[in-house]
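Notes for the one structure printed next.
Quantities reported herein were computed from a predicted structural model and do not represent experimental measurements. Residues take their numbers from the sequence shown, with the count starting at 1.
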Amino acid sequence: LLCVDRDGKASRREALNNLERSAREKVRIDHAFLAENAWQELEVWVLAGHDFLPGWQWREIREEIDPKERYFVPLVAAHGLQDTPGEGRKILAEEAASHYSRICQRCPEVGELETRIQAWIGA
């Protein structure tokens with residue numbers, strides 16, 4: 001399972017599809033390797049599971065090319081987590097995970113990845 005930042009690159013999904021196809025050809029097992037790109041950065045998935053700071057709108061967060069700097073870093077600071085390992089990522093991600101349905105609602109790629117994983121394991 002590979003999850004990467006999209007970083008504003010419209011061709012990122014195509015590159016991941018090619019990577020998945022190449023992995024399937026090499027190991028000859030369907031869905032042995034799944035890849036997804038966060039829109040725009042993985043930190044957006046964490047943001048999706050949290051209440052926003054005043055003045056923040058989801059559409060603006062989702063459209064921002066640099067959401068880590070503009071939104072995630074201020075959220076880390078608001079929680080006083082700048083000096084923790086991973087600069088707040090671990091703690092905020094664990095908190096966000098308790099709102100997984102909200103993450104799937106706000107970030108459809110997460111729900112799509114879950115569907116692909118379920119298909120792979122035969123659920």
State plainly whether one hydrophobic cluster holds both [X] and [Y], where clusters connect Ile, Leu, Val, Met, Phe, Trp and Tyr through side-chain heavy atoms under 4.5 angstrom apart.
X     : Y     : answer
Trp45 : Ile91 : no
Phe72 : Ile61 : yes
Val76 : Phe52 : yes
Val73 : Val46 : no

Between [X] and [Y], what is the shortest heavy-atom contact and its length?
X      : Y      : result
Arg6   : Ala10  : NH2-CA, 3.2 Å
Cys107 : Ala48  : SG-CB, 3.7 Å
Cys104 : Val110 : SG-CG1, 3.9 Å

Would you give the length of the straight line joining atom [atom1] of [X] to atom [atom2] of [Y], rounded to the nearest 0.5 angstrom?
X     : Y      : atom1 : atom2 : answer
Arg70 : Glu64  : CZ    : CD    : 5.0 Å
Leu47 : Tyr71  : CG    : OH    : 9.5 Å
Leu1  : Trp120 : CG    : CH2   : 9.0 Å
Glu14 : Asn18  : CD    : CG    : 5.5 Å

- Task: Starting from the C-alpha separation in whole Å, work towards a yes-or-no answer on side chain to side chain contact (heavy atoms under 4.5 Å, CB included) for Arg106 and Arg62.
- Result: CA-CA 9 Å; Arg106 290 178 172 169; Arg62 192 82 169 152; over 6 Å; no
- Is it true that Arg116 and Glu20 have a side-chain N and a carboxylate O under 4.0 angstrom from each other? yes
- Query: So, Arg13 and Glu109, do they make that salt bridge, N to O below 4.0 Å?
  - Reply: no
- Query: When you look at CD of Glu87, are more than 12 heavy atoms from neighbouring residues, nucleotides or ligands closer to it than 6.0 Å?
  - Reply: no
- So with a 6.0 Å cut-off around CD of Gln105, is the heavy-atom count from everything else above 12? no
- Item | Main-chain N/O of Leu92 paired to His50 side chain as donor or acceptor, under 3.5 Å | yes
- Message: So does Gly111 get a backbone contact from the side chain of Thr115, meaning a donor-acceptor N/O pair under 3.5 Å?
- Response: yes
- Task: Apply side chain to side chain contact (heavy atoms under 4.5 Å, CB included) to the pair Phe33 and Arg24, showing each step before the final yes or no.
- Result: CA-CA 7 Å; Phe33 175 78; Arg24 277 195 304 274; over 6 Å; no
- Message: Taking salt bridge (Lys or Arg N to Asp or Glu O under 4.0 Å) as the cut-off, I'd like each qualifying pair that reaches into residues 42-53, sequence neighbours left out, listed once.
- Response: Glu43-Arg89, Asp51-Arg102
- Applying side chain to side chain contact (heavy atoms under 4.5 Å, CB included), run through Lys90 and Glu94 and close with a yes or a no. CA-CA 6 Å; Lys90 180 180 186 303; Glu94 288 172 347; 2.7 Å; yes
- Side chains of Tyr100 and Glu114: do they bring a donor and an acceptor to under 3.5 Å? yes
- Query: Are a donor atom and an acceptor atom from the side chains of Arg21 and Asn17 found within less than 3.5 Å of each other?
  - Reply: no
- Output all residues satisfying side chain to side chain contact (heavy atoms under 4.5 Å, CB included) with Leu53, sequence neighbours left out; order by chain, then residue number. Trp56, Pro74, Leu75, Ala78
- Given the rule in the side chain to side chain contact (heavy atoms under 4.5 Å, CB included) test, do Val44 and Trp58 qualify, once you have shown the distances and angles that lead to the verdict? CA-CA 10 Å; Val44 170; Trp58 178 243; 3.5 Å; yes
